[in-house]
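Read through the structure below, which is laid out as structure tokens, and then see the notes.
Reckoned from all heavy atoms, side chains included, excluding hydrogens, waters and symmetry mates.
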Amino acid sequence: MKYAEFIVESNKIEFLNSFFGVESVLLNGKIISKKFSFSGIKHKVKLKSSDLTLESNYKQFDKKEIILELKNNEELLDKRIVETDKKQRFYWMLIGMVLGFCIYKILDFLLENYTV
């Protein structure tokens with residue numbers, strides 16, 4: 001899912017985040033960085049005249065938002081705060097509940113059948 005778009009020196013920088021936490025950064029439509037992130041990570045963006053950093057910070061247990069900061073040599077160029085997709089949050093909550101239930105049942109079964 002596309003979360004943000006930045007324009008720097010007539011270049012389009014896009015930030016995308018998948019359902020499974022894989023962040024992608026596109027420069028003019030081409031993937032230049034793809035990394036897994038649970039709570040945020042830094043992506044390097046090289047332009048002709050500058051080396052930029054796009055930093056993500058995922059506030060998953062607080063406000064459920066992603067803070068994106070585009071920096072040039074630690075100088076903040078642009079900052080975006082975007083809400084996470086509500087469907088994505090629902091699916092992760094559902095997955096967590098199913099996993100919790102399954103782990104409970106497995107442990108319950110093991111403990112019932114464990115003999116010393």
Side-chain angles (χ1 to χ4, degrees):
M1 165 172 246
K2 182 176 173 179
Y3 279 99
E5 182 178 303
F6 303 90
I7 304 294
V8 178
E9 300 174 4
S10 69
N11 293 293
K12 182 166 68 168
I13 301 168
E14 299 170 274
F15 175 83
L16 295 87
N17 191 4
S18 77
F19 176 74
F20 296 106
V22 177
E23 296 181 1
S24 300
V25 176
L26 283 68
L27 177 62
N28 298 323
K30 294 181 183 175
I31 296 176
I32 58 166
S33 180
K34 193 172 195 175
K35 300 178 181 179
F36 173 78
S37 170
F38 183 69
S39 62
I41 199 160
K42 292 182 181 181
H43 300 272
K44 300 291 183 186
V45 180
K46 295 198 180 278
L47 297 178
K48 290 179 184 176
S49 61
S50 56
D51 292 331
L52 306 175
T53 303
L54 180 59
E55 187 174 337
S56 65
N57 188 357
Y58 184 24
K59 303 289 185 183
Q60 55 198 342
F61 301 112
D62 187 17
K63 296 181 181 180
K64 302 191 179 30
E65 62 189 15
I66 301 174
I67 300 170
L68 299 169
E69 294 181 336
L70 185 63
K71 298 178 181 179
N72 185 9
N73 296 326
E74 296 303 316
E75 178 186 333
L76 185 63
L77 299 177
D78 198 351
K79 181 177 181 176
R80 308 273 173 92
I81 299 173
V82 292
E83 288 188 20
T84 57
D85 184 29
K86 290 180 181 173
K87 268 198 287 187
Q88 192 173 4
R89 287 188 282 179
F90 173 75
Y91 291 137
W92 276 112
M93 185 173 58
L94 186 62
I95 289 169
M97 289 173 26
V98 169
L99 282 174
F101 180 76
C102 290
I103 290 170
Y104 168 78
K105 286 296 193 180
I106 290 169
L107 289 175
D108 187 47
F109 174 77
L110 291 173
L111 291 173
E112 279 183 7
N113 295 313
Y114 181 73
T115 57
V116 178

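Following chains of ILVMFWY side-chain contacts shorter than 4.5 Å, one can reach V8 starting from L68, so the two form part of one hydrophobic cluster. Using a 4.5 Å cut-off between side-chain heavy atoms of Ile, Leu, Val, Met, Phe, Trp and Tyr, with links allowed through other members, L111 and Y104 fall into different hydrophobic clusters. Under the 4.5 Å side-chain contact rule for hydrophobic residues, M97 and I103 do not share a cluster.
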Using side-chain contact (heavy atoms from CB on, under 4.5 Å), reason through I13 and V25 one step at a time and then give a plain yes or no.
CA-CA 7 Å; I13 301 168; V25 176; 3.9 Å; yes
May I have the step-by-step check of side-chain contact (heavy atoms from CB on, under 4.5 Å) for S56 and I41, ending in yes or no?
CA-CA 5 Å; S56 65; I41 199 160; 4.2 Å; yes
Derivation of the side-chain contact (heavy atoms from CB on, under 4.5 Å) call for K30 and N28:
CA-CA 6 Å; K30 294 181 183 175; N28 298 323; over 6 Å; no
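I67 places a side-chain heavy atom less than 4.5 Å from the side chain of K79. Annotation: side chain of K44 is not in contact with side chain of S33 (no heavy-atom distance under 4.5 Å). At least one side-chain heavy atom of L52 sits less than 4.5 Å from a side-chain heavy atom of L47. Side-chain contact between L70 and T53 is absent, with no heavy-atom pair separated by less than 4.5 Å. Side-chain contact between I66 and I81: absent, with no pair of heavy atoms (C-beta onward) separated by less than 4.5 Å. Counting heavy atoms from C-beta outward, N17 and V22 have side chains that stay 4.5 Å or more apart.
The line from OG of S50 to CG of L77 is 7.5 Å long, rounded to the nearest 0.5 Å. Expressed to the nearest 0.5 Å, how far OH of Y58 lies from CD of E65 amounts to 10.5 Å. Annotation: the span from E112 atom CD to L107 atom CG amounts to 11.5 Å, rounded to 0.5 Å. With rounding to the nearest 0.5 Å, the separation of NZ in K71 from CG in L54 is 10.5 Å.
Without hydrogens or angle criteria, N113 side chain to F109 main chain gives a donor-acceptor distance under 3.5 Å. Looking at K35, its side chain does come within 3.5 Å of a backbone N or O of K42 through a donor-acceptor pair. A donor-acceptor pair is defined here as one N or O able to donate and one able to accept, closer than 3.5 Å; such a pair exists between the side chain of N11 and the backbone of E9.
Note: H43 and F15 have perpendicular aromatic rings, judged against thresholds of 30 and 60 degrees for the angle between ring planes.
Ion pairing between a basic and an acidic side chain is recognised when a charged N comes within 4.0 Å of a carboxylate O; E23 and K34 show no such pairing.
Taking the ring centre of F6 as origin, the terminal cationic atom of R80 falls inside the region bounded by 6.0 Å and 45° from the ring axis.
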